Colleague: 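Have a look at this one.
On a predicted model such as this, the values are computed, not experimentally measured, just so you know.
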Amino acid sequence: MVRIDGAAFSHDVLDHLQTLTTSRRRVRWVTGWAINATDEQVIALLPEMVWTAALRQDGGVHEIKGPDGEWLTYQVAELTGVRDLTGWPRGMRLIVRRVKPSRRDAKKLTAFEKRTGWRYQIIATNIPAHHGLSGVPGSGQVWFVDALYRDHAEVEDRVKAIKRVGLGLLPSKSWQLNAAWVLAATIAADLDAWTRLLLLHDEPELAAAQPETIRMKLYRLPARLTAHARRRTLHLDRTWPWTATFTTAWQRAHQLPALT
């Protein structure tokens, strides 16, 4: 399974992805699609009845609270068969998603979106509608493909995290020094991710927190390290609000099985 954002919107990239499938390997892909005037004309032809609720990755209906406090449901529909896909990879599907635009999106809306009151996004995929992914029931449905594609945002989140732990500021003009710095930054990002996954998974404020938040609340702890009789002791500040969280994380870290 290959997932790429809008950077994959080109004949060359999609044709290349299609050629990756061989007699021994089946490659499925989901990519972004840049909407143009032709796409908007086709979207306008879709009857209201074909739109269905979009789902979150956990299977719940994807909703957002509107400006007036009402709950708005994101919707998806199949565009394949309505949009002419001559020249594009055989078996490619287009799935359109519509959401109520936020105030931040107002300046970026097209005339069509302003007229309809929706903001549209299109994704392309070669996942067949009837068979879907092997062994995954319902994976060919539009709501599944939409949720699968949006889950790619995790990649962007990790890239942002790596930038925050050092990748965003290279220290030298030397290629060798910068290469070592990048390696150290990716190791730090991995340690940060595993710390949250294994040690902070039941802490809502830290499980999905950014590195700087964890650094401020957990790594920069007010403590004093002492040594006596060949034994080191870490003295924590009892008034520190994250003492219990740090202690639990420390105990969990010691309970992890040793590497073999």
Colleague: Taking all atoms of both residues into account, what is the closest heavy-atom pair of P101 and G117, and its distance?
Modeller: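 Closest pair (atom of P101, atom of G117, distance): CD-O, 3.4 Å.
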Colleague: Would you check, one step at a time, whether the test salt bridge (Lys or Arg N to Asp or Glu O under 4.0 Å) holds for K114 with E40?
Modeller: CA-CA 12 Å; K114 292 179 180 178; E40 292 183 337; over 6 Å; no
Colleague: Name each donor-acceptor pair under 3.5 Å that joins a side chain in residues 179-186 to protein atoms two or more places apart or in another chain, with its distance.
Modeller:
residue: W181; atom: NE1; partner: G166; partner atom: O; Å: 2.6
residue: W181; atom: NE1; partner: L169; partner atom: O; Å: 3.3
residue: T186; atom: OG1; partner: V182; partner atom: O; Å: 3.2
residue: T186; atom: OG1; partner: L183; partner atom: O; Å: 2.7

Colleague: What are the two closest non-hydrogen atoms of W33 and A124, and how far apart are they?
Modeller: CE3-CB, 3.9 Å
Colleague: Report the distance from atom CD1 of I35 to atom CD of Q121, rounding to the nearest 0.5 Å.
Modeller: 7.5 Å
Colleague: Should L225 and R232 count as side-chain neighbours, where that means a heavy-atom distance under 4.5 Å?
Modeller: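 Yes - at least one pair of side-chain heavy atoms lies under 4.5 Å apart.
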Colleague: Run through L109, L79, V96 and flag the one making a side-chain contact (heavy atoms from CB on, under 4.5 Å) with Y120.
Modeller: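 The option that passes is V96.
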Colleague: Any chance you could measure F246, atom CZ, to Q251, atom CD, to the nearest 0.5 Å?
Modeller: 10.5 Å
Colleague: Where is the tightest heavy-atom contact between S172 and L177, given as atom of each residue plus distance?
Modeller: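 That would be OG-CD1, 3.4 Å.
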Colleague: Counting distance only, does the side-chain N/O of T31 pair as donor-acceptor with the main-chain N or O of F9 below 3.5 Å?
Modeller: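 Not confirmed, T31 side chain does not pair with F9 backbone.
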Colleague: Are V30 and V13 connected into the same hydrophobic cluster when the rule is that any two of I, L, V, M, F, W, Y join if their side-chain heavy atoms are below 4.5 Å apart?
Modeller: no
Colleague: Can a donor-acceptor pair be found, under 3.5 Å and without considering hydrogens, that links the side chain of R28 to the backbone of N126?
Modeller: yes
Colleague: Working to the nearest 0.5 Å, report the span between NZ of K173 and CG of N178.
Modeller: 11.5 Å
Colleague: Does any N or O in the side chain of E113 come within less than 3.5 Å of the main-chain N or O of T110, such that one atom is a donor and the other an acceptor?
Modeller: yes
Colleague: Are I95 and I4 linked, directly or through intermediate hydrophobic residues, by side-chain heavy-atom contacts shorter than 4.5 Å (ILVMFWY only)?
Modeller: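 I4 and I95: separate clusters.
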Colleague: Is R252 reaching over with its side chain to a backbone N or O of L199, donor-acceptor style, under 3.5 angstrom?
Modeller: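 It does hold such a pair.
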Colleague: Between R93 (side chain only) and I123 (backbone N and O only), is there a donor and an acceptor less than 3.5 Å apart?
Modeller: no
Colleague: Is it possible for you to say whether L197 and V165 belong to one hydrophobic cluster, with membership spreading through side-chain heavy-atom contacts below 4.5 Å?
Modeller: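 Each belongs to a different hydrophobic cluster.
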Colleague: Among side-chain atoms of T86 and D84, is any donor-acceptor pair under 3.5 angstrom?
Modeller: yes
Colleague: Are the side chains of L17 and T19 in contact, using a 4.5 Å heavy-atom criterion?
Modeller: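 Contact flag for T19/L17 side chains = no.
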Colleague: Tell me yes or no: between the side chains of T233 and H228, is some donor less than 3.5 Å from an acceptor?
Modeller: no
Colleague: Taking the side chain as every heavy atom from C-beta outward, state whether L206 and W242 have any pair of such atoms under 4.5 Å apart.
Modeller: yes
Colleague: Would you find a donor on one side and an acceptor on the other, under 3.5 Å apart, between the side chain of R196 and the backbone of H201?
Modeller: no
Colleague: Nearest 0.5 Å, please: how far is OG in S139 from NE2 in H131?
Modeller: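 Rounded to the nearest 0.5 Å, the NE2-OG separation comes to 11.0 Å.
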Colleague: Drop me the distance from R220's CZ to I214's CD1, to the nearest 0.5 angstrom.
Modeller: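 These two atoms lie 13.0 Å from each other.
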Colleague: Enumerate the residue pairs fulfilling salt bridge (Lys or Arg N to Asp or Glu O under 4.0 Å) with a member in residues 141-150, sequence neighbours excluded, ordered by first and then second residue.
Modeller: R97-D146, D146-R150
Colleague: Please answer whether the main-chain N or O of E63 pairs with a side-chain N or O of R56 as donor and acceptor at a distance below 3.5 Å.
Modeller: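 At least one qualifying donor-acceptor pair exists.
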Colleague: Decide salt bridge (Lys or Arg N to Asp or Glu O under 4.0 Å) for D15 and R90; before the verdict, give the C-alpha distance in whole Å, the side-chain angles of both, and the deciding distance to 0.1 Å.
Modeller: CA-CA 9 Å; D15 289 340; R90 183 178 180 181; over 6 Å; no
Colleague: What I'd like to find out is whether the side chain of M1 reaches to under 4.5 Å of the side chain of I127, using heavy atoms alone.
Modeller: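 With C-beta onward as the side chain, the pair touches.
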Colleague: Answer whether the closest heavy-atom distance between the side chains of L94 and V42 falls below 4.5 Å.
Modeller: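 No, their side chains stay 4.5 Å or more apart.
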Colleague: Going through the checks in order, is the side chain to side chain donor-acceptor pair (under 3.5 Å) test met by T73 and H62?
Modeller: CA-CA 6 Å; T73 303; H62 195 184; over 6 Å; no
Colleague: Hey, are the side chains of T125 and Y149 touching, using non-hydrogen atoms and a 4.5 Å cut-off?
Modeller: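 Answer no - side chains too far apart.
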Colleague: Answer yes or no: are there more than 12 heavy-atom neighbours, outside W250 itself, under 6.0 Å from its atom CH2?
Modeller: no
Colleague: Assess whether atom NE2 of H235 is packed by more than 12 heavy atoms of other residues, nucleotides or ligands within 6.0 Å.
Modeller: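 It does: H235 NE2 has more than 12 such atoms within range.
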Colleague: Quick check for you: to the nearest 0.5 Å, what is the distance between W29 atom CH2 and Q18 atom CD?
Modeller: 5.5 Å
Colleague: Side chains of Y219 and E212: does their closest heavy-atom pair fall under 4.5 Å?
Modeller: no
Colleague: Do any N or O atoms from the side chain of D39 and from the backbone of N36 form a donor-acceptor pair under 3.5 angstrom?
Modeller: yes
Colleague: Heavy-atom count check: over 12 atoms from other residues, nucleotides or ligands less than 6.0 Å from M49 CE?
Modeller: no
Colleague: Between W51 and V145, is there a shared hydrophobic cluster once you connect ILVMFWY residues whose side-chain heavy atoms come closer than 4.5 Å?
Modeller: no
Colleague: Okay, side chain of T213, backbone of A209: is any donor-acceptor separation there less than 3.5 Å?
Modeller: no
Colleague: Could you give me the CA-CA distance, side-chain angles and deciding distance for T248 and L200, then say whether side-chain contact (heavy atoms from CB on, under 4.5 Å) is met?
Modeller: CA-CA 9 Å; T248 301; L200 305 171; over 6 Å; no
Colleague: Would the number of heavy atoms belonging to other residues, nucleotides or ligands and lying under 6.0 Å from CD of Q57 be above 12?
Modeller: yes
Colleague: Is R3 paired with D151 through a side-chain N to carboxylate O contact shorter than 4.0 Å?
Modeller: yes
Colleague: Could you tell me whether the side chain of K100 reaches within less than 4.5 Å of the side chain of R119, counting heavy atoms only?
Modeller: no
Colleague: What is the minimum heavy-atom distance between A44 and F112, and which atoms define it?
Modeller: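 What the structure gives for the nearest pair is CB-CE1, 3.8 Å.
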Colleague: Looking at L55 and A147, what are the two nearest heavy atoms and their distance?
Modeller: O-CB, 3.7 Å
Colleague: In terms of the angle between their ring planes, are W88 and H11 parallel, tilted or perpendicular, with boundaries placed at 30° and 60°?
Modeller: parallel
Colleague: Heavy atoms only: give me the nearest V50-P47 pair and the separation to one decimal.
Modeller: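 Closest approach of V50 to P47, heavy atoms only: CG2-O, 3.0 Å.
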Colleague: Does the pair D237 and T239 meet the rule for a side chain to side chain donor-acceptor pair (under 3.5 Å), with working shown?
Modeller: CA-CA 5 Å; D237 185 349; T239 63; 2.8 Å; yes
Colleague: Would you confirm whether T21, through its side chain, and V27, through its main-chain N or O, come within 3.5 Å as a donor-acceptor pair?
Modeller: yes
Colleague: Under 4.5 Å between side-chain heavy atoms, hopping through other hydrophobics if needed: is there a path connecting L148 to W143?
Modeller: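 Same cluster.
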